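I have placed the structure first, in the form of structure tokens, so that the comments after it can refer back to it.
Owing to the predicted nature of the structure, the values given are computational and were not obtained by experimental measurement.
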Amino acid sequence: MRERAVSGTSEGPAPAADLDRPVVTESEIDTSPRTEPPTRQPYRSVFTAAPLAMAVVDREGTVASANDALAALLGGSPDGLAGSVAADLVDLTSDARTWHAYREVLRGRQSRLRCTRRLKHPDGHSLWVQVTVAPLPAGDGVLMSVADISARRELQARLRHLQMHDPVTRLPNRTLFFERLSAALEAESYEQSGTGRIGLCYLDLDGFKAINDTLGHRVGDRLLAAVAERLTRCADEAGHTRPSIPLVARLGGDEFALLVEDSTGTEQLAELAESALRAVQDPFDISGQRLSVSASIGVVERHAAGTTPTALMQAADTTLYWAKADGKARWTLFDPERNAHRMTRQALASTLRPAIDRGEFRLEYQPLVGMEDDRLHGVEALIRWNHPQFGVLTPNRFIGLAEEDGSIVPLGRWVLRTACGQARRWQLDHPDEPPIFVSVNVAVRQVWDSDLVADVAETLAETGLAPHLLQLELTESAVMGSAGRPLQTLKALSDMGVRIAIDDFGTGYSNLAYLSRLPVSVLKLDGSFVRGFQYDDREAAARANPADEVVVEAMIQLAHRLGLTVTAECVETLAQASRLRRIGCDTGQGWLYSRPVSPDRISELLGGACPARPQKAGNP
């Protein structure tokens, strides 16, 4: 049985004795009249009148005495609190860690305990308190102080709400969104219950910038708030038939996110995305104006296990980009294969410029053969990238990237120098044979972003190659309609003696009349026309289009009248070559004659007729 200290007066326990003296048993009580030492009376007065709620707790954890502030805070009287179990009054037993620390303070093994607790007041309202427990001098138990921090907690909650919510739409902001996303991807969150899957609709408004710029930010903010209301309605409707309501957040600008925890699959995300698209597409009445926008949505749905917030958002951002690239006003589901291709493109783009300095590129050459004599007249230089990770890459894998980031300029210079140098070496190695020309592809960006005329002049001077043995190929769409600097560049190159060829002719403008005003000397017919010519087998011949032959013959005749020569690309069979020869085509290029080969193989072909060996269809 726990021993108590008792009072020697009819007025109840003597608080001063509890505060300043060790706990004693009834047999130790001195019943003779006595007075409290004068020095202790001020401390008793301070304890009783202090505004901070306090209680003296004995080593057994029982309240020996409490002041009026604690009684008012917890509801009751000081006398009523005396004898109570202190831990129960302030809920110190609700978690094992706090309970253990409290007992260590009672035993003198720990100097202090401070914790925050939410208490229930007898009148029904809740309050937050900060509890501090510290030993008293001379081993007289511990002093427990209780501070009401309800107002501070309420202020903190309001500040957190402001910090975690967007002031324009009142939706959760980016910070709160990522907090919820991170929590949803924690193992404890999805392993104990739910589907173990997560979904995200990442939405961006199409046409919002134009409205914001023309009508002002005030109208733009009202439009964003209206969009937020509609998306919230979509989420609420989706939550009626699902375990949880999707979280709608504004991530910034005109970007919104709908997070689906415990997703049931891509069908659920597709329905939510469709609903969001319809909601946004309906016109808005803002400030007396009828405004219309649409949305592009990237949709990602996957297992939560192994997924990180960063990975999920990267996938959503990529998919949103696809939705915009595919035409906007639509939703697009994340495609791992498409993403792998994008990642490959990024890897190539990031290593393209350094690869030039590392010497990872090489040139192969495809023969250009005279249709009348079957002799080698020239070669087209075709670049290859010996990538250390992806192997040998053909131009269609990286030229577009080089044009996007501007590395086509240094890469083009390297191709020009290498091809011209090689053509000059062939000429020197075979002095008894007519020299062959080399044809080099030129991108439009090389014309705009560099001094192509100066580059060509410098290269020809360094290599010693005659200008008429260099042919520059530009695509039809790049040449047709040329004006200003491109046209001046072409004329300057032509005046220098360099031949200009239009590559893939017949796929763009095909304006032969315009050709008379351009310094062009060669047309290269696109392979799609040649493939429609006669084939060796009946089945292939049945698929041929007779109209292709008529068109090609007309183009060749008109080109000759303009003083141009014609090269046919993708010549793959003897039947095609025979027909092209009969209608007057000057030069052929394709697998019938040779695939792109090394410089050494071109050296072997010089000095004799180019072998014409039918090979399987296709052309790199």
Side-chain angles (χ1 to χ4, degrees), residues 362-384 395 412 415-442 456 459-460 463-475 490 493-494 496-505 519-527 530 556 559-560 563-572 577 580-581 584-613 619-620:
R362 61 180 171 85
L363 292 183
E364 291 183 346
Y365 301 88
Q366 188 169 29
L368 297 166
V369 180
M371 303 297 291
E372 290 295 333
D373 56 12
D374 282 339
R375 294 188 67 85
L376 183 63
H377 289 193
V379 293
E380 180 181 354
L382 299 171
I383 191 171
R384 302 289 185 261
V415 172
L416 183 65
R417 289 195 305 269
T418 304
C420 290
Q422 182 61 62
R424 179 58 175 162
R425 282 192 294 274
W426 285 323
Q427 185 180 6
L428 296 175
D429 291 343
H430 301 274
D432 298 333
E433 296 295 331
I436 62 173
F437 68 88
V438 63
S439 189
V440 176
N441 291 279
V442 176
V456 170
T459 299
L460 293 177
T463 60
L465 186 69
H468 73 277
L469 295 179
L470 173 61
Q471 177 174 288
L472 300 179
E473 296 187 19
L474 290 88
T475 61
L490 295 179
L493 291 169
S494 180
M496 191 187 299
V498 175
R499 300 199 297 180
I500 306 297
I502 299 180
D503 194 16
D504 300 328
F505 187 80
V520 175
S521 55
V522 180
L523 295 185
K524 295 189 71 175
L525 297 180
D526 185 71
V530 178
I556 291 175
H560 285 168
L564 310 178
T565 61
V566 180
T567 297
E569 299 178 308
C570 300
V571 181
E572 299 171 357
L580 287 167
R581 184 182 302 111
C585 187
D586 303 288
T587 310
Q589 177 182 2
W591 282 16
L592 171 67
Y593 306 107
S594 175
R595 298 168 180 250
V597 294
S598 66
D600 292 340
R601 176 55 181 160
I602 298 298
S603 294
E604 295 174 3
L605 296 178
L606 286 171
C610 183
R613 297 189 302 273
N619 201 8

Smallest heavy-atom separation, Leu469 atom then Pro435 atom, equals CD1-CB, 3.8 Å
Residue pair Thr567 / Cys585: nearest heavy atoms and the distance that separates them:
C-SG, 4.3 Å
Atom CG in Leu472, atom CG in Leu416: separation rounded to 0.5 Å?
7.0 Å
Please identify which of these residues, Glu380, Glu569, Gln589, meets the side-chain hydrogen bond (donor to acceptor under 3.5 Å, both in side chains) condition with Gln366.
Gln589
I'd like to know if Arg581 and Glu372 make a salt bridge, using a cut-off of under 4.0 Å between side-chain N and carboxylate O.
no
Drop me the distance from Ser439's OG to Tyr365's OH, to the nearest 0.5 angstrom.
12.0 Å
What I'd like to find out is whether the side chain of Val571 reaches to under 4.5 Å of the side chain of Leu580, using heavy atoms alone.
yes
What's the shortest heavy-atom distance between Cys420 and Leu460, and which atoms?
SG-CD2, 4.3 Å
Rounding to 0.5 Å, atoms CG (Asp429) and CD (Gln422) come to a distance of 8.0 Å
Nearest 0.5 Å, please: how far is CG in Leu363 from CG in Leu382?
8.5 Å
Note: Glu473-Arg499 ion pair, threshold 4.0 Å (strictly below):
no
Ignoring hydrogens, what is the shortest heavy-atom contact between Gly584 and His560? Give both atom names and the distance.
O-CE1, 3.0 Å
For a 4.5 angstrom cut-off between non-hydrogen side-chain atoms, does Leu376 reach Leu606?
yes
Identify the two heavy atoms, one from Val520 and one from Ile500, that lie closest to each other, and give their separation to 0.1 Å.
CG1-O, 3.6 Å
Are side-chain N/O atoms of Asp586 and His377 paired as donor and acceptor at under 3.5 Å?
no
Which atom of Val379 lies closest to which atom of Pro367, heavy atoms considered:
CG1-CA, 4.1 Å
